[in-house]
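Quick note: numbers below take in every heavy atom, side chains included, and nothing from hydrogens, waters or symmetry partners. Here the structure is a predicted model, which is why all the values come from computation and not from measurement. Convention: sequence-line order gives letters A, B, ...; per-chain numbering from 1.
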Protein chains: 2
Amino acid sequence: MAAVTSGSGDPVRTLALLWRTKDAPSRGPKPGLSVDAIVSAAIQLADTEGLGALSMRKVADKLGVGTMSLYTYVPAKAELIDCMVDTVSTETERPEHTGGWRARLEQVARQNWDLYHRHPWLLQVVMSRPVIGPGVIAKWDYELRAIDGLGLDEVEMDGVLNVVLAHVEGAARAKLQTEQTERDSGMTLDQWWAASAPVLERVMDESAFPVASRVGSVTGEKYASAYPPDHGFAFGLERVLDGVAVLVEARSASA
Amino acid sequence: MAAVTSGSGDPVRTLALLWRTKDAPSRGPKPGLSVDAIVSAAIQLADTEGLGALSMRKVADKLGVGTMSLYTYVPAKAELIDCMVDTVSTETERPEHTGGWRARLEQVARQNWDLYHRHPWLLQVVMSRPVIGPGVIAKWDYELRAIDGLGLDEVEMDGVLNVVLAHVEGAARAKLQTEQTERDSGMTLDQWWAASAPVLERVMDESAFPVASRVGSVTGEKYASAYPPDHGFAFGLERVLDGVAVLVEARSASA
DNA sequence: CACTGTACCGTACGACGTACGGAATAGGCA
DNA sequence: TGCCTATTCCGTACGTCGTACGGTACAGTG
């Protein structure tokens, strides 16, 4: 099951946590744990078992401490998830931007695509407020630099990046969520379809949905055989970037 | 908090539920409830309080029955959510397609945009398997018909629709999730920023993220004043459709 | 050496999804 | 008419969750 909100607590406390601004206390016992250790254990758990299986108790068990000890370092689960998001955001590679804007955006999209593959639980995080941590900001800055200096204004830059990333997220969702479910349920998508198809045939009048039936059967067949698993990602990215190209050319023509 | 999976149970049972294929039993007491009543109560609850606040107990209370009575009609919460998704999918308007493909896709996108506004909890549903119910299929068929006959093959049609809908979802997420959080937490985004900004200034070195800082401050300012709230939606849609146009023109030129 | 701020965490509470089994009901059939 | 049986309804209970609260052990500070 699952899912989870982030960023519901006191903003000041959350920011202090994300940016790790708290001087080590002089009094008291030495901390046996750290925010980083907790966050990294939580990420490992979410990677292997999904966000739905992530509980404070399991994180604590993995670290060999009592559950409530975590709350010495982290105000609540929502803030822990904020930290997880910020931490994995640092993982994307950021080579110096070279080449044209299109190659740059392709690289940015690919980095995000890979990030979702490493951490599919990112797709299940319900972000109620933006996570403003060092990792997220650095990633955003890098991604914006890919399209800086093209004559787009700031709102346009933001908009362009959003379309690209929305596409990546959608494509990742389509591919990864079913994979995660296969792991959880022990039932592959093929098996699921095999179980569903006969019933569906009896229950649904295909002629009432002619186009859906046609497209559904062809794509089901082709994706199983002819197309690589990231075809949806690559295809959509081309469309989006073609659209961005129209804008960029208009702006550079008027400059 | 929250979130939720759907479609984790027995496919045959789920399909029977979605398509309402069960003959009314001849023996036994008259059912005092119905799947439709339960689904509609659940939708109302999710609309007003969010998916995180949706529990079997609350649905039952709203209907004035015992919690476990729901399980006579619905195998589990996941299947209930499947039904909710399928039901609201019937709500989108579907006028006969007229005009060019671009106007059609704009209309499709707008319908989905409106749907997310009516039911923001749709953004929080973690769909592990496709929901194959009459509502979802009918909607998909209609949307595919918007781009049928343009010379695109089936996989391309699927891909084009996916990019458009991924953009709508992303834009809706950006706009609606913060609105939902404002309702839940009683703290507006402005207040949240007001609380965060001073801390952020102290903690973050703006010069380390020059482009992010510039774009962040300009967009924050402009979205508060100069732009309509659906600017992100409209802007991204233009980009995506410009990209689709390139493909459509290529296909119709080669025909 | 006492004080005090800190780390650690056992216990407990309220909410959740739902398994289980019993009671009440009403049509089908003898 | 009356029993049988498929159904509906649902109270109770279990395991899991996030986390509030308060106690205890610890280690620098005055």
Side-chain angles (χ1 to χ4, degrees), chain A residues 1-10 13 16 22-35 37-38 42 45-46 49-84 124 126 184, chain B residues 1-10 13 16 22-35 37-38 41-42 45-46 49-82 84 124 126 184:
Chain A
M1 303 277 154
V4 184
T5 334
S6 73
S8 27
D10 169 30
R13 177 95 193 264
K22 39 116 215 233
D23 31 358
S26 54
R27 238 101 61 115
K30 291 270 171 268
L33 234 50
S34 69
V35 174
I38 293 171
L45 259 173
E49 309 193 30
L51 199 61
L54 180 74
S55 74
M56 299 303 270
R57 275 172 245 257
K58 284 196 198 148
V59 174
D61 281 357
K62 192 180 176 76
L63 291 165
V65 299
T67 308
M68 292 313 291
S69 300
L70 302 183
Y71 289 87
T72 306
Y73 299 86
V74 156
K77 193 186 184 186
E79 282 81 357
L80 173 56
I81 292 174
D82 282 346
C83 286
M84 293 167 65
Q124 300 172 18
V126 175
D184 295 347
Chain B
M1 300 272 157
V4 184
T5 335
S6 73
S8 25
D10 169 30
R13 177 93 193 264
K22 38 115 213 235
D23 30 359
S26 54
R27 240 102 58 123
K30 291 270 172 267
L33 234 49
S34 68
V35 174
I38 293 171
L45 259 173
E49 310 193 28
L51 200 60
L54 180 74
S55 73
M56 299 302 270
R57 274 172 246 255
K58 283 196 198 148
V59 174
D61 280 357
K62 194 180 175 74
L63 291 165
V65 300
T67 307
M68 293 311 292
S69 299
L70 303 182
Y71 289 87
T72 306
Y73 299 87
V74 155
K77 194 186 184 184
E79 282 80 358
L80 172 57
I81 292 175
D82 281 347
M84 293 166 66
Q124 300 172 18
V126 175
D184 296 348

> Taking only residues two or more places apart in sequence or in another chain, which ones pass side chain to side chain contact (heavy atoms under 4.5 Å, CB included) with T67(B)?
Replying inline: M56(B), R57(B), A60(B)
>> If the condition is side chain to side chain contact (heavy atoms under 4.5 Å, CB included), which residues does A41(B) pass it with, not counting sequence neighbours?
In response: V59(B), K62(B), L63(B)
>> Tell me the interatomic distance from L33(B), atom CG, to dT7(D), atom P, rounded to whole angstroms.
In response: 17 Å
> Rounded to the Å, how far apart are K77(B) NZ and dC17(D) C1'?
Replying inline: 13 Å
>> If you only use heavy atoms from C-beta on, which nucleotide in dT18(C), dT19(D), dT6(C) is closest to the side chain of R57(B)?
In response: dT18(C)
>> Between C1' on dA13(D) and CE on M56(B), what's the gap in Å once rounded to a whole number?
In response: 17 Å
> Between L70(B) (CG) and dC10(D) (P), how many Å, whole number?
Replying inline: 10 Å
>> Quick check: closest heavy atoms across M84(A) and A46(A), and the distance to 0.1 Å?
In response: CE-CB, 3.8 Å
> Whole Å only: how far is the NZ atom of K22(B) from the C1' atom of dT7(D)?
Replying inline: 12 Å
> How many Å lie between CG on D23(A) and C1' on dT6(C), as a whole number?
Replying inline: 13 Å
> Do any side-chain nitrogens or oxygens of S55(B) fall under 4.0 Å of OP1 or OP2 in dC16(C)?
Replying inline: yes
>> How long is the straight-line distance from CD of Q124(B) back to CG of L54(B), given to the nearest 0.5 Å?
In response: 10.5 Å
> Taking only N and O in the side chain of S69(B), is any of them less than 4.0 Å away from OP1 or OP2 of dT8(D)?
Replying inline: no
> In chain order, what residues pass the side chain to side chain contact (heavy atoms under 4.5 Å, CB included) check against Y73(A), with sequence neighbours excluded?
Replying inline: P31(A), L33(A), V35(A), I38(A)
> With sugar-phosphate meaning primed atoms plus P, OP1 and OP2, does A60(B) contact a base, only sugar-phosphate, or nothing at under 4.0 Å between heavy atoms?
Replying inline: nothing
Going by atom type alone, with no hydrogens or angles, which donor-acceptor pairs under 3.5 Å involve a side-chain atom of residues 22-30 of chain B and a protein atom two or more places apart or on another chain?
none

Any N/O pairs under 3.5 Å between the protein and nucleotides 20-27 of chain D? List them or say none.
residue	atom	partner	partner atom	Å
dA27(D)	O4'	G28(A)	O	3.3

>> Distance check needed: dC16(C) P versus L80(B) CG, whole Å only.
In response: 14 Å
> Just how far, in rounded Å, is P of dA15(C) from CG of D61(B)?
Replying inline: 11 Å
> If each of T67(B) and P25(B) is mapped to the nucleotide of DNA chain D with the nearest heavy atom, which maps nearer the 5' terminus, i.e. the 5' end?
Replying inline: P25(B)
>> How close do A53(A) and K58(A) get, counting heavy atoms only, and between which atoms?
In response: O-NZ, 3.0 Å
